[in-house]
Amino acid sequence: MVFVDSYPKTSKLVRSEFLVSFIALGIGALFGVIQALHRTGVFRGFVSSADYYTILTGHGVLLALVFTTFFIAGLFTWAVANSLERELPHRIAWSAFWIMLTGTVLAAVSIIGGIVGSPSILGHDLEADVLFTFYAPMKAHPAFYIGAALIIVGSWVAGLAYFKSLWEWRSENPGERIPLQTFMVLTTMLMWYISTIGVAVEVVAFLIPWSLGLIQNVDPLLTRTLFWYFGHPVVYFWLMPAYLVWYTILPKLAGGRLFSDPLARVVFVAFLLLSTPVGFHHQYTDPGIPSGYKFIAMTNTMFLLLPSLLTAFTVVASVEHGARQRGAKGYLSWLRNLPWGKPAFAGCMLAGLMFAAGGFSGMINAGMNINYLIHNTIWVPGHFHLTVGTAFALTAMAISYWLVPQITGKKLRQRTIATLQPYVWFVGMAVMSNAMHRAGLAGIPRRTAEPTYDEFAFEGVAGTVGEMRIQIAIGGFLLFVGAAMFLIVMADTLLARRGGTLSVNGHIPEPLSGADHSPRILDNYKLWTAIALLLIAIAYGPPLASMVADGLFAPGSPPIPV
Ligand code: HAS
Ligand code: CU
């Protein structure tokens with residue numbers, strides 16, 4: 001039975017969540033190509049340099065926050081319903097959707113206000129040029145922060161719907177192991193609850209009152225710290241859904257089965273434990289945080305590589321198993337026996353391949369000393385376009401080719417475009433992000449419309465600044481084409497009539513080593529949450545306490561008398 005026929009109500013919710021995420025993807029991608037052409041000097045006719053920050057904020061917020069959150073909500077809704085075999089609690093799940101949508105509209109309107117001349121609304125200029133890492137001293141219209149807060153509250157409510165489904169399932173299936181997909185969703189949500197506390201406190205206690213004029217001063221170090229307390233784990237909130245797809249669906253698409261359920265559970269638990277106590281690796285250059293605590297964050301970050309390295313092993317082993325089921329032989333030639341012409345499979349594999357490169361640039365970012373070389377250069381956008389911009393985004397697009405037919409009952413349309421699309425994305429990203437990494441090493445800054453390196457002859461191993469810029473522009477343009485191709489396929493599929501039987505279904509084959517091989521303690525959420533909180537207390541307790549002791553609103557030492 002097709003998912004949409006078994007769970008019509010849940011399917012409708014997933015469709016709505018995907019629709020919002022696809023609209024955000026379209027607008028965000030448009031902003032992306034505008035700024036890629038602008039900052040490389042290829043075409044500057046769309047916006048003025050003064051509006052560059054507005055476009056950049058729109059790009060970051062719409063793609064990294066709205067596209068991701070709504071897509072993940074849809075994927076998780078599907079995964080819980082699919083693996084627990086039930087409709088989701090309807091009222092809770094829909095309230096979550098509407099709360100998040102209201103927040104999104106508020107945030108989007110305040111950003112767009114900056115393009116249309118910042119009209120005064122409720123006594124404050126309607127603008128939000130604060131970038132997707134919104135911390136003081138940059139200030140936005142209160143509506144932006146209220147919108148951000150609503151998106152987060154909405155995601156909390158969505159989590160409630162997943163947990164409620166588990167409790168219902170539990171009472172009907174006492175003593176059974178939590179199905180793997182649901183286990184992954186709930187572990188991700190627990191990590192999300194713990195980490196969003198930071199940004200919630202930042203926004204509700206400081207930024208909203210400050211932007212409303214209720215308080216005059218905020219402590220930039222404290223709001224940055226609260227932001228990054230959340231700002232690292234949020235990247236795993238994007239990655240773990242991609243891992244859910246790579247672990248549970250990709251092996252099937254390859255024609256095989258997941259290598260090991262226990263390893264998958266260990267990986268997700270490791271993320272729950274270690275995602276949060278590492279946020280200071282975004283603040284290596286911040287004064288006011290003792291180096292020892294930066295060192296603790298660095299050490300934890302290096303341990304946090306482990307779950308991804310385990311994933312590389314498990315996922316590739318599962319895909320290889322699939323290839324051998326299809327008759328492959330040889331050490332590497334099995335790679336040929338895989339369905340590279342199927343967009344869902346090819347997209348996930350190319351996303352994984354790029355993530356291997358993104359993971360390596362992450363390791364470089366994480367080194368406390370080498371970070372000074374790349375911090376605030378365009379190397380960092382190079383890194384995160386490989387991770388969130390490909391590991392997440394390409395996986396999301398690829399799996400939509402497989403999932404959207406199941407939540408609509410409609411066959412995928414425009415197959416040729418769909419087949420080419422992951423490759424266009426891959427090539428565009430390879431060109432753009434490679435040039436961004438190199439340009440970063442040449443010292444070119446991130447987040448500016450006017451990188452003033454025009455006359456600068458960079459004596460690199462190969463190429464010049466001009467050559468890197470042109471690659472960034474070409475890559476950025478190809479990515480826009482890739483996003484447009486995806487949206488054409490989706491629009492045509494969603495608008496088509498239903499007819500014929502589908503060739504895909506959501507059945508997930510049993511892993512080679514199944515849940516009965518997983519120690520039961522892995523499902524003990526209370527234990528892992530307690531350890532996660534303890535690690536956070538060690539990593540953050542003393543430095544946060546000293547920031548608070550410094551004075552919440554009027555930080556820093558008194559002025560030196562002259
Ligand atoms: Fe990062 C900055 C460190 C992962 C996103 N990161 C950012 C920013 C973003 C971001 C958005 O330590 C910028 C924030 C801003 O605006 O300032 N990052 C890391 C490390 C990892 C890492 C150590 N990042 C991610 C992921 C992201 C993401 C995931 C989004 C989804 N990052 C940093 C640091 C900074 C930073 C510093 C601050 C820089 C600065 O100075 O500002 C690790 O988690 C990476 C581990 C990954 C691996 C790769 C494993 C390989 C796999 C591939 C399997 C292959 C398959 C296919 C399936 C070790 C799993 C095979 C195919 C075949 C054909 C065989
Ligand atoms: Cu990080």
Side-chain angles (χ1 to χ4, degrees), residues 56-57 60 63-65 68 72 131-135 195 224 227-243 245-247 250-251 254 267 270-271 274-286 294 297-298 300-320 323 332 334-336 338 340 345-368 370-396 426 440 446-447:
L56 182 57
T57 306
L63 292 181
L65 303 179
T68 52
I72 293 166
L131 308 175
F132 77 135
T133 52
F134 40 90
Y135 36 64
S195 64
R224 278 172 66 86
F227 182 88
W228 286 121
Y229 168 96
F230 147 87
H232 184 79
V234 71
V235 314
Y236 295 119
F237 182 66
W238 303 326
L239 184 68
M240 288 157 81
Y243 279 8
V245 170
W246 298 356
Y247 275 102
L250 182 61
V267 163
F271 278 127
L274 282 169
S275 287
T276 316
V278 298
F280 286 142
H281 71 215
H282 293 265
Q283 294 178 278
Y284 286 145
T285 54
D286 282 25
K294 294 177 180 171
M298 171 171 81
N300 286 348
T301 308
M302 297 305 175
F303 277 115
L304 191 49
L305 297 173
L306 206 68
S308 286
L309 294 169
L310 285 175
T311 300
F313 167 76
T314 316
V315 173
V316 175
S318 311
V319 171
E320 178 182 345
L332 282 177
W334 56 269
L335 279 166
R336 282 204 301 267
L338 289 167
W340 293 103
F345 173 82
C348 290
M349 286 296 274
L350 294 175
L353 198 60
M354 286 235 124
F355 185 56
F360 285 122
S361 77
M363 292 177 199
I364 290 168
N365 298 346
M368 221 169 127
I370 205 166
N371 177 274
Y372 300 139
L373 184 68
I374 52 84
H375 185 64
N376 276 344
T377 72
I378 198 171
W379 164 290
V380 176
H383 161 71
F384 69 68
H385 280 84
L386 293 177
T387 53
V388 63
T390 302
F392 173 81
L394 185 53
T395 301
F426 185 82
R446 67 185 284 200
R447 295 182 155 166

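In what follows, residues are counted from 1 in the order of the sequence shown. Keep in mind that the numbers below use all heavy atoms, side chains included, and drop hydrogens, waters and symmetry copies. Indexing begins at 1, ligand by ligand and atom by atom, following the structure's order.
The distance criterion of under 3.5 Å between nitrogen or oxygen atoms is not met by Tyr243 with respect to ligand 1. Taking distance alone, with nitrogen or oxygen atoms compared against 3.5 Å, Ser308 stays at or beyond that limit from ligand 1. Polar contact with ligand 1: absent for Val316 (N/O pair, distance under 3.5 Å).
Counting only protein atoms, the N, O or S atoms lying less than 2.8 Å from atom 1 (Fe) of ligand 1 are His383 NE2, ordered by chain and residue number.
Tyr243 and Ser308 are linked by a side-chain donor-acceptor pair at a separation below 3.5 angstrom, with hydrogens and angles left out of the test.
Comparing heavy-atom distances from atom 43 (C) of ligand 1 across Phe360, Trp379, Tyr236 singles out Tyr236 as nearest. When the heavy atoms of Met354, Met349, Gln283, His282 are ranked by distance to atom 36 (C) of ligand 1, first place goes to His282.
Within ligand 1, counting atoms from 1 as listed, the ones closer than 4.0 Å to a heavy atom of Thr301 are 23 (C). Within ligand 1, counting atoms from 1 as listed, the ones closer than 4.0 Å to a heavy atom of Thr133 are 16 (O).
In terms of the side-chain contact (heavy atoms from CB on, under 4.5 Å) criterion, residue partners of Pro241 (sequence neighbours excluded) are, by chain and number, Ile72, Leu75, Phe76. Take His281 and apply the ring-ring contact (aromatic ring centres under 6.0 Å, His included) test, not counting sequence neighbours, and it matches His232.
Neither the backbone nor the side chain of Phe237 comes within 4.0 Å of ligand 1, counting heavy atoms alone. At a heavy-atom cutoff of 4.0 Å, ligand 1 is contacted by no atom of Leu250, backbone or side chain. At a 4.0 Å heavy-atom cut-off, ligand 1 does not touch His385 at all.
In this structure a side-chain-to-backbone donor-acceptor pair under 3.5 Å is missing from Thr395 to Cys348.
Closest to atom 16 (O) of ligand 1 among all protein heavy atoms lies Arg446 NH2, 2.6 Å.
Protein atoms of type N/O/S that fall under 2.8 Å from the Cu ion (ligand 2) number 3 in this view.
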